[in-house]
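Just so it is clear: chains get the letters A, B, ... in the order the sequence lines come, proteins before strands, and each one is counted from 1. Note that the structure is predicted; figures quoted are calculated from it, not measured.
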Number of protein chains: 2
Amino acid sequence: MRTDPSNGQAGESRQTYDQKLEFVLQRAAEVFAERGFHRASIRELARATGMSLAGHYYYFRSKNEALFRICDHVLRQILDTFEERAKAIDDPLERLRLLVFTHLEISLSHMREMKVLSHEAESLRGEYLAKIRQTKKRYYDSLASILREIRGDRRGNGRDLRLAAMTLFGSMNWIYTWYRPEVDGEAKRLTDFMLGIFLRGFLGGEGATARRAGRILRHPSR
Amino acid sequence: MRTDPSNGQAGESRQTYDQKLEFVLQRAAEVFAERGFHRASIRELARATGMSLAGHYYYFRSKNEALFRICDHVLRQILDTFEERAKAIDDPLERLRLLVFTHLEISLSHMREMKVLSHEAESLRGEYLAKIRQTKKRYYDSLASILREIRGDRRGNGRDLRLAAMTLFGSMNWIYTWYRPEVDGEAKRLTDFMLGIFLRGFLGGEGATARRAGRILRHPSR
DNA sequence: TAGCTATTCGAACGTTCGTTCGAATCCTTC
DNA sequence: GAAGGATTCGAACGAACGTTCGAATAGCTA
């Protein structure tokens, strides 16, 4: 049995393994999203992939590892994409728009993985849970630091900042419970809407930053 | 075996039965909230109540019925409390504040039940699921109609209204994932904060309604 | 105290679960 | 076409699950 994907022989076979792993995890995400992690069995996963029950254990050590990989992958995808895109951006308002847009864009294109992440990640145990929480915290810190910068530490306190961040995360992470693509439009529209509500609310509609936010909200740069 | 609580003999014994049922469901909510509905077993519930495994089937027909009762009870509690309180209130801004406050107040005082409702209700099947969804829709319609009244149908469209309602619900329903009473304060503070963000954002900071909302937000009536 | 009903229990049933293991098959390389 | 690792499979394991059922107990009424 192969113990570590990176140890395999190089070339074509390596690629095939990674592709199949991705395929298996994608189907797993669909099954977990539809049925819930604990209710879904690996026998159902077998039905969804066309493989045998035992065959899946070639791609993950346990059901929990499969869950971890799904959660970790989509969470890192959001965080990495945001950090890559934000490298060239200094304006905190633009960085906030980028964070919201990236979050929503990946949420809509990976709805099932996001549902699994939001809904089932806390079922993880031990090291798996610790790693996911650590990445989530890194993500939260990114948002909090942007908000702190936007507000310029002139008003409010740390508790308000925490509430603001959680309020925004709540709006975004709740999407998987109601979003329907044919009704609700695409990521850009949702970004304009949710960022609009949040930013006007967060800045209180007064001051120079708020007026600049008003211009950005009326003429979004992307 | 008793088939319907309301058929029992009257008086003390009746009261005892209802009290014990409430006790059992409260413990069940704690276990379901902590472990998740599918992972939690009735044997664990037995450990939490001090009763035997079989004894629980005197209070509910199935594990699914227990879940339904928990969800239905807390959902109705929010809706009924809000409708009762809102009877005497005409101003839609005040009604919105009442809705948010009631939702948050009951969320904080029944955090475990709310977590079960938000997290596990979609695991229900058949008639149970239909009933919960129906009540949720009634609740959504209440909010949507208030928002429509506030906006006065002057701007935006039905889709925007839907997004606004879901954005607000998202902020409120996400609370169970992060709320810590010693850090985040009580329902009134959360209401002022979340309603403030949402209302300024929803009204766009312009027009007479927005100015009136500004006054209400600065001098909350409760 | 006797009798009746409400309440609780121990024990078991059939099912499904995650996981393991040795064998079978596939695919590449020589 | 033989060799050898990569990949897949059938079959089975023990454990845990939701639910049932008849018996036992508790508590009230007569």
For this session: May I ask you to decide if the ring planes of A:Y176 and A:H119 are parallel, tilted or perpendicular, using 30° and 60° as cut-offs?
Result: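 Answer is perpendicular, since the angle exceeds 60°.
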
Rounded to whole Å, please give me the gap between [atom1] in [X] and [atom2] in [N].
{"X": "A:L21", "N": "D:dT7", "atom1": "CG", "atom2": "C1'", "result": "14 Å"}
{"X": "A:Y57", "N": "C:dT20", "atom1": "OH", "atom2": "P", "result": "7 Å"}
{"X": "A:F60", "N": "C:dT19", "atom1": "CZ", "atom2": "C1'", "result": "11 Å"}
{"X": "A:H56", "N": "C:dT20", "atom1": "NE2", "atom2": "P", "result": "16 Å"}
{"X": "A:I42", "N": "D:dT8", "atom1": "CD1", "atom2": "P", "result": "15 Å"}
{"X": "A:L53", "N": "D:dC13", "atom1": "CG", "atom2": "C1'", "result": "13 Å"}
{"X": "B:R39", "N": "C:dG18", "atom1": "CZ", "atom2": "P", "result": "12 Å"}
{"X": "B:R43", "N": "C:dA12", "atom1": "CZ", "atom2": "P", "result": "13 Å"}

So, does [X] get its side chain near the phosphate of [N], meaning an N or O under 4.0 Å from OP1 or OP2?
{"X": "B:K63", "N": "D:dC17", "result": "no"}
{"X": "A:S41", "N": "C:dC17", "result": "yes"}
{"X": "B:Y58", "N": "C:dT7", "result": "yes"}
{"X": "B:Y59", "N": "C:dT8", "result": "yes"}
{"X": "B:K20", "N": "C:dA6", "result": "no"}

Exercise. For the ring pair B:Y59 and B:Y17, is the centre-to-centre distance below 6.0 Å?
Worked result: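 When the ring centroids of B:Y59 and B:Y17 are compared, they turn out to be within the sub-6.0 Å range.
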
For this session: Answer with yes or no after comparing the ring centroid distance for A:Y139 and A:F169 against a 6.0 Å cut-off, counting only values under it.
Result: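 Yes; A:F169 has its ring centre under 6.0 Å from that of A:Y139.
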
Please tabulate, for the side chains in residues 45-54 of chain A, all donor-acceptor contacts under 3.5 angstrom to protein atoms that are two or more places apart in sequence or on a different chain.
unit_1: A:T49; atom_1: OG1; unit_2: A:L45; atom_2: O; d: 3.2
unit_1: A:T49; atom_1: OG1; unit_2: A:A46; atom_2: O; d: 3.3
unit_1: A:T49; atom_1: OG1; unit_2: A:M51; atom_2: N; d: 3.2
unit_1: A:T49; atom_1: OG1; unit_2: A:H56; atom_2: NE2; d: 3.0
unit_1: A:S52; atom_1: OG; unit_2: A:G55; atom_2: N; d: 3.0

Problem set entry | Residues B:R189, A:D160: salt bridge by 4.0 Å N-O rule |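 Between A:D160 and B:R189 there is a salt bridge, with a charged N closer than 4.0 Å to a carboxylate O.
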
Problem set entry | Nucleotide nearest A:Y17 when distance is taken to its side chain, options D:dT19, D:dT7, C:dG18 |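 Nearest listed nucleotide: D:dT7.
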
For this session: Measure from the side chain of A:S52, starting at C-beta and using heavy atoms only, and say which of C:dG10, D:dC9, C:dG18 lies closest.
Result: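 Minimum distance to the A:S52 side chain belongs to D:dC9.
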
Exercise. Starting at the 5' end of DNA chain D, which residue's closest nucleotide do you reach first, A:M51 or B:H38?
Worked result: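 It is A:M51 whose nearest nucleotide is closer to the 5' end.
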
For this session: Under 4.0 Å between any heavy atoms, over every strand shown, what does B:A46 touch: base, sugar-phosphate, or nothing? Just pick one.
Result: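 The answer is nothing, as B:A46 stays clear of every strand by at least 4.0 Å.
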
For this session: Compute whether any side-chain donor of one residue and acceptor of the other, for B:S123 and A:R39, lie under 3.5 angstrom apart.
Result: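 Side chains of B:S123 and A:R39: no pair found under 3.5 Å.
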
For this session: Could you list by number each residue of residues 116-131 of chain A showing a heavy-atom separation from DNA chain C of less than 4.0 Å, or answer none if no residue does?
Result: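 Correct list: empty, so none.
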
Result block: side-chain N/O donor-acceptor pairs under 3.5 angstrom for residues 73-81 of chain B, not counting sequence neighbours:
unit_1: B:R76; atom_1: NE; unit_2: B:D72; atom_2: OD1; d: 3.1
unit_1: B:R76; atom_1: NE; unit_2: B:D72; atom_2: OD2; d: 3.3
unit_1: B:T81; atom_1: OG1; unit_2: B:Q77; atom_2: O; d: 2.6

Exercise. Got B:I42 and B:Y57 here, is their nearest side-chain heavy-atom distance under 4.5 Å?
Worked result: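 Counting from C-beta outward, B:I42 and B:Y57 do come under 4.5 Å.
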
For this session: Please tell me which of A:E44 and A:A54 maps to the more 5' nucleotide of DNA chain C, matching each residue to the nucleotide holding its nearest heavy atom.
Result: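 Per heavy-atom nearest nucleotide, the more 5' residue is A:E44.
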
